[in-house]
Number of protein chains: 2
Amino acid sequence: MTEQDPTRRVPLTRETVLREAVALADESGTAALSMRGLARRLGIEAMSLYHHVANKDAILDGMVDAVFAEVEAPAIDGDWRSAIRARCSSLRHVLVRHPWAVGLLESRTSPGPETLRHHDRVLGCLRRAGFTIAGAGHAYALLDSYVYGFALQENAVPFDPSGQTPEELAALATAIMADFPRDELPSMAEMTAYALRPGYAFADEFEVGLDVVLDGLDAHRATW
Amino acid sequence: MTEQDPTRRVPLTRETVLREAVALADESGTAALSMRGLARRLGIEAMSLYHHVANKDAILDGMVDAVFAEVEAPAIDGDWRSAIRARCSSLRHVLVRHPWAVGLLESRTSPGPETLRHHDRVLGCLRRAGFTIAGAGHAYALLDSYVYGFALQENAVPFDPSGQTPEELAALATAIMADFPRDELPSMAEMTAYALRPGYAFADEFEVGLDVVLDGLDAHRATW
DNA sequence: ACCTGAACACCGTTCAAGT
DNA sequence: ACCTGAACACCGTTCAAGT
């Protein structure tokens with residue numbers, strides 16, 4: 001935030017505060033997101049923030065809502081399966097782009113307007129697809145559990161396999177397997193060796209699991 | 001931690017520190033888990049903790065591993081489906097009993113011994129059930145994504161419907177629905193009304209979704 | 001209306017000093 | 001070996017004061 005004309009600076013708004021809070025968390029993690037640090041980034045003193053948001057909790061609420069605003073709503077035309085697939089894929093990408101978001105969901109209890117709006121679009125898509133209210137409840141719980149949980153695990157993967165050369169991956173694999181108790185943990189050893197091979201990427205598991213979930217939902221669409 | 005004999009107190013260990021850290025987070029949340037607060041609970045000064053753990057991060061790592069130690073490993077005899085079902089149910093209960101745990105998973109990168117051991121038992125169960133390594137990878141990613149995500153959502157539900165009388169629930173329902181933009185969010189309004197009825201509990205959705213996942217895995221067991 | 005300096009009650013962690 | 005007091009560089013937030 002460099003300011004060209006310090007005497008006539010653009011007035012601070014709630015939207016600017018939230019946008020920079022998201023950017024700061026993206027770049028430096030949620031631990032670096034302090035009122036003082038955010039203020040510094042905005043070229044302002046920490047106490048000025050309290051004129052635009054009630055407190056830090058309100059910033060976290062606003063950040064989660066801003067994240068939901070980025071998620072593609074399901075298309076209203078076309079088949080429900082590809083519409084829901086696209087929105088789940090979009091949700092996952094958003095949660096990986098903002099790795100702090102899924103951890104924040106746990107503590108936020110009052111959903112914002114963008115969050116409510118998004119939920120409404122997804123539920124509407126499921127209802128139009130033929131799910132009963134109860135069925136839409138089952139489907140939504142299953143779908144979002146899967147996407148949230150997958151993003152949680154994906155963010156916890158310690159390294160990015162696509163960003164490494166095959167040689168680096170092989171070196172990492174032997175390093176990890178070296179002090180690995182193969183006889184005590186045979187299945188883990190097997191899986192670790194498998195997952196460290198050049199062709200494997202945890203991210204690819206997403207589509208596999210999502211297909212299983214969508215197939216299951218399709219089978220229950222009429223019976224639920 | 002009341003001390004009967006202050007002159008001959010039981011020496012502090014890493015295990016005691018972790019046990020009390022888990023208890024403190026359970027009772028007061030992760031925000032209340034400070035080195036000073038934990039020390040106070042142990043009747044000690046904050047700096048003494050650094051003799052038993054490297055730093056606060058090591059405590060968080062140890063807490064996550066302690067949580068995994070509580071999860072029931074799948075049975076080795078009997079069919080894989082009920083074994084995996086029981087372990088997923090156990091994992092969910094543990095994550096609800098320790099609501100801070102699922103939020104911590106995101107930031108922990110190096111799994112502890114109990115965590116590795118548990119993963120090994122689950123993978124072994126899947127391999128014995130006939131899944132290939134690739135298939136076990138698909139299955140495990142899907143299963144844990146579902147359970148983690150479900151626990152995440154369950155912990156975020158703002159109220160416990162089972163702890164309320166039908167009258168309280170009805171009052172809450174009308175209060176929420178009163179300032180709800182029905183025309184803007186018709187599907188959300190419909191679902192909210194449905195979910196606030198006396199018979200509904202979000203927790204019940206767990207078994208429904210788990211069945212869909214297990215059915216899907218069973219269908220792919222031979223083909224993956 | 002919008003911003004800020006000083007202050008309060010907290011943090012995690014280091015380090016030298018105690019027993 | 002185990003514990004601690006003082007100190008450092010941080011937190012979120014309040015409040016009275018500035019423009």
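Naming convention: chains lettered A, B, ... in sequence-line order (proteins, then strands); numbering from 1 in each chain. Side chains included, hydrogens not; waters and symmetry mates left out as well; all remaining heavy atoms used.
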Should the ring pair F150(A) and F202(A) be called parallel, tilted or perpendicular, given that the plane angle runs from 0 to 90° and is split at 30 and 60?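 Correct class here is parallel.
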Distance in angstrom units between [X] [atom1] and [N] [atom2], rounded:
| X | N | atom1 | atom2 | value |
| --- | --- | --- | --- | --- |
| L33(B) | dC11(C) | CG | C1' | 12 Å |
| L42(B) | dC2(D) | CG | C1' | 15 Å |
| E45(A) | dA7(C) | CD | C1' | 15 Å |

Summary of protein contacts for nucleotides 13-19 of chain C, nucleotide by nucleotide, where a base hit scores B, a sugar-phosphate-only hit scores S (4.0 Å, heavy atoms): BB-----
Phosphate contact (dC3(D) OP1 or OP2) by H52(B) side-chain N/O below 4.0 Å: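 For dC3(D), OP1 or OP2 has a side-chain N or O of H52(B) closer than 4.0 Å.
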Less than 4.0 angstrom between a side-chain N/O of S48(A) and OP1 or OP2 of dC2(C), yes or no?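 Negative; the distance criterion is not met.
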Check: Y148(B) ring centre within less than 6.0 Å of Y148(A) ring centre: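 Between Y148(A) and Y148(B), which both carry aromatic rings, the centre distance is not below 6.0 Å.
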Matching residue for P74(B) among L123(B), V122(B), L126(B) - test: side chain to side chain contact (heavy atoms under 4.5 Å, CB included):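 Of the listed residues L123(B), V122(B), L126(B), the side chain to side chain contact (heavy atoms under 4.5 Å, CB included) partner of P74(B) is V122(B).
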Quick one: does any side-chain atom of H52(B) pair with a main-chain N or O of L12(B) as donor and acceptor, under 3.5 Å?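 Yes; judged by distance alone, with no hydrogens or angles, the pair exists.
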Watson-Crick or G-U wobble partner of dT4(D), both distances under 3.5 Å: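 The base-pairing partner of dT4(D), which may sit in any strand shown, is dA16(C).
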Side chain of S34(A), heavy atoms from C-beta onward: which of dG12(D), dG12(C), dT4(D) has the nearest atom to it?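 Ranking dG12(D), dG12(C), dT4(D) by closest atom to the S34(A) side chain puts dG12(D) first.
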Side chain of H51(A) only, heavy atoms from C-beta on: which candidate in dT4(D), dC2(C), dT4(C) is closest?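 Within the option list, the nearest is dC2(C).
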Pair R41(A) + E27(A), salt bridge at N-O below 4.0 Å: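 Looking at R41(A) and E27(A), the cut-off is met.
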Test: D57(A) and R108(A) ion pair at under 4.0 Å: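 Between R108(A) and D57(A) there is a salt bridge, with a charged N closer than 4.0 Å to a carboxylate O.
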